[in-house]
Structures are given as C-alpha cells and as structure tokens.
2 protein chains.
Amino acid sequence: MRDRSSKSSYHTVDVVLVTAMGNELAILFTRSTSDRERWSLPWKAAQGAETLDATATRIAQDVLGEPPTWIEQISAFADGKRHPGNADISVAFVGLVPHETASPRPGNTWFPVGDLPPLSPRQRSMVEGSMRIIQARLDQAPIAFRLLPPTFTLGELQQLYELLLSKRLHKASFRRALQAAWLVEPTDEWRSEGRGRPAQLYRYAPKKRRRSHRGVRFDLLHP
Amino acid sequence: MRDRSSKSSYHTVDVVLVTAMGNELAILFTRSTSDRERWSLPWKAAQGAETLDATATRIAQDVLGEPPTWIEQISAFADGKRHPGNADISVAFVGLVPHETASPRPGNTWFPVGDLPPLSPRQRSMVEGSMRIIQARLDQAPIAFRLLPPTFTLGELQQLYELLLSKRLHKASFRRALQAAWLVEPTDEWRSEGRGRPAQLYRYAPKKRRRSHRGVRFDLLHP
DNA sequence: GACTTTAGTCACAAAAGGTGACTAATTCGG
DNA sequence: CCGAATTAGTCACCTTTTGTGACTAAAGTC
C-alpha cells in the first residue's frame with residue numbers, strides 16, 4: 001500500500017473484508033499511509049507474478065493475521081473515480097471473516113456499515129458492490145456459515161440470516177428448511193447462555209443431496 | 001484489437017457474446033488479426049477515458065452492428081495464462097443477443113458452445129465464466145427474455161428455458177409460474193407455425209409486484 | 001370428415017411453507 | 001424448594017405452491 005506517483009499504467013487489488021458484529025455487518029478499514037486521519041479499504045499494487053485471488057488473500061492476511069473464510073472477486077473498476085492509490089484499474093474482492101476469530105492488526109478497525117468513514121468514490125462503489133454480492137450469494141453459497149465460528153447454535157444462525165435478509169424469520173420454518181437441506185450436523189455439546197434452556201451446538205457439514213427436482217423460479221427475478 | 005508488442009503494463013477488455021441458435025447456445029468469434037487461421041473472442045486495449053462497460057459495449061457494437069440487449073462484467077483475469085494480446089489484465093464481459101436480430105459483421109462467426117475453436121487459456125476461462133454467470137443469473141435477471149426477439153410465443157420461451165436449464169419443463173407449471181410473476185403480457189397477434197393451432201405472441205413487460213413473502217431458501221445452495 | 005399436430009387450460013394430488021401452541025431445560029427471586 | 005420467567009426445541013394444522021395427466025381448441029393433412 002505504498003505511495004506511488006502515477007507513472008504509466010498500473011493496477012491495484014482492493015479488499016472489502018466483512019464480518020458480523022453483533023446486530024450489524026462491519027467492514028475493515030486501514031489508516032491511510034499518506035494521511036493518518038483518513039481511512040481506506042486495504043489495497044496493494046498487484047504483483048505481476050501472482051493471481052489476483054492470491055494477492056487479495058495476502059492483503060487480507062496482512063491486516064487480519066489469517067485468511068478470510070471465503071473470498072470472491074467483485075469486479076474491476078476503472079472509471080474516472082478517484083482511488084487512494086491513483087490506480088487506473090482496481091480489482092475489488094469481498095472476503096468474509098467470523099467476528100470471533102478476527103482480531104485486526106494495529107492500525108485496522110471494524111466500522112459498522114451504517115457508520116462508515118469518508119471514502120474515495122471508487123472504494124465507495126466497492127463497498128456497495130460487496131453488499132450486493134453478499135445479498136445475491138446468500139442463497140447460492142454458504143455465506144452465512146462463513147461468518148460464524150466452527151460451531152454455533154441454531155439461534156445464532158437464524159439471527160445472522162435475519163441480519164443478512166433484514167427480515168424476521170419464523171423459528172419452526174427456519175429449522176425445517178435447514179433440516180431438509182442437510183447443511184448442518186449437531187455436535188454433542190451444549191451451550192448455556194445465561195438463563196433459559198441451553199442450546200445445542202451445530203457445525204456446518206453439508207451432505208450430498210439429490211439435485212433439486214423443481215422447475216423454473218421466476219419469483220426471485222428483478223428484486 | 002491491434003497488435004501491440006508487450007510494452008509496460010496494459011489491459012484489455014474482452015467480450016463473450018452469447019446467443020441462442022436453435023437448440024444450442026453459441027458464442028461469437030473473430031478472426032485473429034495476426035494469424036488469420038485462428039479465432040479469438042473480440043477484444044481491445046482499454047481506453048483510459050472510457051468506463052469498462054462502455055468499452056465492452058463498443059466492442060460488441062463493432063462486431064455486431066448493434067449493442068447487446070444485456071451485458072455484465074464477468075471478472076478480471078490476470079493469471080499467467082496467455083492472452084492473444086499479451087495483456088497483463090483482461091476484464092471480461094458477457095453480453096446477450098437475440099439470434100434473430102444479430103448478423104455478425106464479416107470476419108465474425110457464431111460457434112455453438114459444444115464445438116468451439118481452439119482458444120487461448122485465458123479466453124477459455126472467460127467462456128467458462130460466462131456460462132457460469134448465465135446459469136447463476138437465470139433466476140435473478142431477465143436473461144431469457146434478452147435472448148428472444150421483442151415478441152415471442154410461450155413455447156419459444158419455454159424451449160429457451162429448457163435449453164438454459166438443460167431440463168425438460170412441464171407446460172402447465174411453466175405457464176402458471178410465469179403468470180404469477182407478471183413478466184409478460186399478450187399482444188393481439190398470433191403466429192401459425194405449419195400445422196397445429198397458432199400460438200399467441202407475448203412481449204416482455206414486467207409489472208411491479210409485491211416483494212416475495214417467503215423465508216430462507218437453503219435449497220438453491222451448493223448445486 | 002377423421003386424424004394428426006401444436007396451443008392452451010383445468011383439476012387434483014403431493015409437497016413445501018407459515019404459524020401458533022405446545023414441551024423442555026435452565027436461571028432467578030422468593 | 002417452588003413457581004415465574006426465559007430461551008430452546010418440536011408439533012400439528014392449515015394455506016399456498018407445485019407436479020402432473022387429462023382435457024379442450026384450432027389449425028393442417030389426407
């Protein structure tokens with residue numbers, strides 16, 4: 001993330017690291033090297049030898065100490081919008097991290113998505129893009145499980161889905177659907193959380209299941 | 001798509017143009033400028049002033065005479081794989097075109113996806129990526145309608161879905177789901193196709209409809 | 001006019017999904 | 001020690017959605 005006076009064409013890799021902090025999603029920011037009062041998404045100039053995914057993982061590891069549990073390219077950005085490194089092209093990635101195991105290195109902080117610091121226009125587009133991708137992947141990839149620690153209660157899982165969908169879910173329906181999908185298996189541990197009956201801990205363990213037998217889905221279109 | 005001896009860092013925009021040709025999807029290829037015996041996806045060096053989307057649309061327009069009915073960025077590619085222009089980074093787009101209105105300019109040809117010409121490794125990844133995106137967008141965006149002419153019969157629409165899903169669909173279910181989604185409206189025209197009762201023509205005309213009331217969908221995950 | 005072919009609809013059964021009420025296991029306050 | 005409060009987990013019922021075969025409709029063919 002060194003400064004580089006704009007010399008010929010060069011490109012960066014930027015990473016939007018997302019976690020679930022309590023009742024809100026949060027994104028990781030780094031103090032800008034040029035202006036210590038400003039924050040930016042972690043980024044680096046791309047290395048020619050490395051794949052873009054490898055670069056993105058390395059950037060995440062540098063700020064978090066460990067790689068994200070899931071990472072995906074959002075898009076390349078090349079419009080006229082300003083970028084902190086003045087890059088011609090920036091390739092943005094979104095990565096997920098369970099909040100429990102994610103302790104940012106000094107100089108890096110989680111900001112709740114509802115209260116982000118001022119940002120360069122290009123990086124703002126990246127944040128928006130990462131939110132869109134998370135929404136879109138929610139029922140295609142096991143995103144929710146990548147935001148939770150290895151074992152979790154079904155209550156935690158449901159709360160996370162309610163956060164990601166911004167919608168209350170009914171307990172019985174949620175569990176019935178989860179069972180039908182063969183995505184989790186119970187451990188033999190239970191967690192007592194203050195008062196109330198202890199909750200059983202589950203782990204993400206998807207089983208092969210026969211290909212869905214359903215027809216077309218017009219209902220998800222155009223939301 | 002000019003030749004350019006690899007000089008410092010530069011990037012290209014490549015476009016995968018897809019159409020539905022009879023019972024198969026087809027992709028548009030251009031004769032390579034350097035080796036007239038080889039084919040490649042249409043590509044150009046990116047212009048600094050233009051957005052990536054604008055460049056992609058322009059490239060498509062240059063080979064087809066008109067812009068695609070839908071276009072979306074697939075991804076940026078920067079691994080060591082070879083690219084016909086020796087670009088460091090290539091940003092790939094997928095575009096859709098109805099076959100009826102798409103007449104490629106001389107030097108460009110549709111190849112059915114089952115029988116593609118030899119391709120540089122990077123462009124092969126782009127073709128694979130475009131197929132993945134089309135599959136994934138199928139129930140999120142009105143992709144199918146962008147592969148059909150302005151008016152079409154419900155039989156044609158269903159056949160296209162069967163092609164895209166590689167799966168037979170039941171006529172009554174298909175139409176019931178289509179009606180519930182308020183996506184098409186009938187015109188007052190009918191088309192007689194040889195023998196059999198004539199089919200009514202429809203047009204794509206999505207109506208606003210209340211947000212779906214459903215809970216989570218675990219069933220689409222991990223296919 | 002009878003037969004074939006394709007379009008379009010209906011009605012029933014099966015599956016999936018929404019919902020409130022129930023049981024279970026724990027803490028807390030007396 | 002006992003009952004209220006609290007959170008977890010399940011059940012049963014009903015509604016909605018979806019799969020499916022059979023039906024009617026309108027054209028061409030012989």
Side-chain angles (χ1 to χ4, degrees), chain A residues 22-23 138-139 148 151-162 165-203 209-221 223, chain B residues 22-23 138-139 148 151-162 165-203 209-221 223:
Chain A
N23 283 333
L138 194 54
D139 44 9
L148 289 173
T151 68
F152 47 84
T153 70
L154 298 188
E156 290 170 340
L157 181 63
Q158 182 177 341
Q159 279 181 24
L160 182 54
Y161 266 99
E162 292 179 340
L165 294 168
S166 322
K167 179 160 79 172
R168 299 289 323 271
L169 298 173
H170 191 281
K171 187 168 47 161
S173 303
F174 181 80
R175 290 172 184 226
R176 196 200 302 125
L178 189 61
Q179 286 235 323
W182 294 95
L183 291 174
V184 298
E185 67 183 17
T187 69
D188 49 3
E189 287 184 282
W190 297 73
R191 174 189 297 162
S192 192
E193 199 76 70
R195 47 177 143 281
R197 172 177 172 175
Q200 189 164 15
L201 291 176
Y202 286 75
R203 76 167 62 86
R209 66 213 143 86
R210 60 193 179 293
R211 174 158 161 55
S212 157
H213 184 243
R214 308 279 280 281
V216 220
R217 319 212 71 120
F218 291 116
D219 54 311
L220 303 171
L221 230 128
Chain B
N23 284 334
L138 194 53
D139 44 11
L148 289 173
T151 69
F152 47 84
T153 69
L154 297 189
E156 290 170 340
L157 181 62
Q158 183 177 341
Q159 279 181 23
L160 181 53
Y161 266 98
E162 292 179 340
L165 294 168
S166 321
K167 180 161 81 171
R168 299 290 323 270
L169 297 173
H170 191 280
K171 187 168 48 161
S173 302
F174 181 80
R175 289 172 185 226
R176 195 203 300 128
L178 189 61
Q179 286 236 322
W182 295 94
L183 291 174
V184 298
E185 69 183 16
T187 69
D188 50 3
E189 287 184 281
W190 297 72
R191 174 190 297 161
S192 192
E193 199 74 71
R195 48 175 142 278
R197 173 177 171 175
Q200 189 163 16
L201 291 176
Y202 285 74
R203 75 168 61 87
R209 66 214 144 87
R210 61 195 176 292
R211 172 155 162 61
S212 155
H213 182 244
R214 307 282 279 281
V216 221
R217 317 211 72 120
F218 291 116
D219 54 311
L220 303 171
L221 230 128

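Reminder, nothing fancy here: chain letters follow the sequence lines and each chain counts from 1. Being a predicted model, the structure only gives us computed values, none of them experimental.
Between L178(A) atom CG and dG17(C) atom P there is a gap of 13 Å when expressed in whole angstrom units. Protein atom CD of E189(A) is 19 Å distant from nucleotide atom P of dA25(C), rounded to whole Å. Atom CZ in R168(A) sits roughly 12 Å away from atom P in dT19(C) (whole-Å rounding). Taking atom CZ of residue R191(B) and atom P of nucleotide dG28(D), one finds them 16 Å apart after rounding to whole Å.
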*List the protein contact pattern of nucleotides 13-18 of chain D with one symbol per nucleotide (5' to 3'): B for base contact, S for sugar-phosphate-only contact, - for none; contact means a heavy-atom distance under 4.0 Å.*
-----B
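Scanning both residues, G155(B) and R175(B), for their nearest heavy atoms gives N-NH2, 4.2 Å. Nearest heavy atom pair, residue L221(B) against residue Y161(A), reads CD1-OH, 4.4 Å. Of all heavy-atom pairs spanning D139(A) and L220(B), the tightest one is O-CB, 3.2 Å. Nearest heavy atoms, F218(B) versus A181(A): CB-CB, 3.5 Å.
Salt-bridge check for R217(B) with D219(A): passed, with a basic side-chain N closer than 4.0 Å to an acidic carboxylate O. Using a cutoff of 4.0 Å between basic side-chain nitrogens and carboxylate oxygens, K167(B) and E162(B) are not scored as salt-bridged.
The side-chain contact (heavy atoms from CB on, under 4.5 Å) check on L201(A) picks up T151(A), T153(A), T187(A), E189(A), R191(A), with sequence neighbours excluded.
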Can you check nucleotides 7-10 of chain D for protein contacts, nitrogen or oxygen pairs under 3.5 Å, and list what you find?
unit_1, atom_1, unit_2, atom_2, d
dT7(D), O2, R197(A), N, 3.1
dA8(D), N3, R197(A), NH1, 3.4
dG9(D), OP1, Q200(A), N, 2.7
dG9(D), OP2, R175(A), NH1, 3.2
dG9(D), OP2, R175(A), NH2, 3.0
dG9(D), O5', R175(A), NH1, 3.4
dG9(D), N7, K171(A), NZ, 2.3
dG9(D), O6, K171(A), NZ, 3.3

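Side-chain atoms of Q158(A) come within 3.5 Å of backbone N or O of L169(A) as a donor-acceptor pair.
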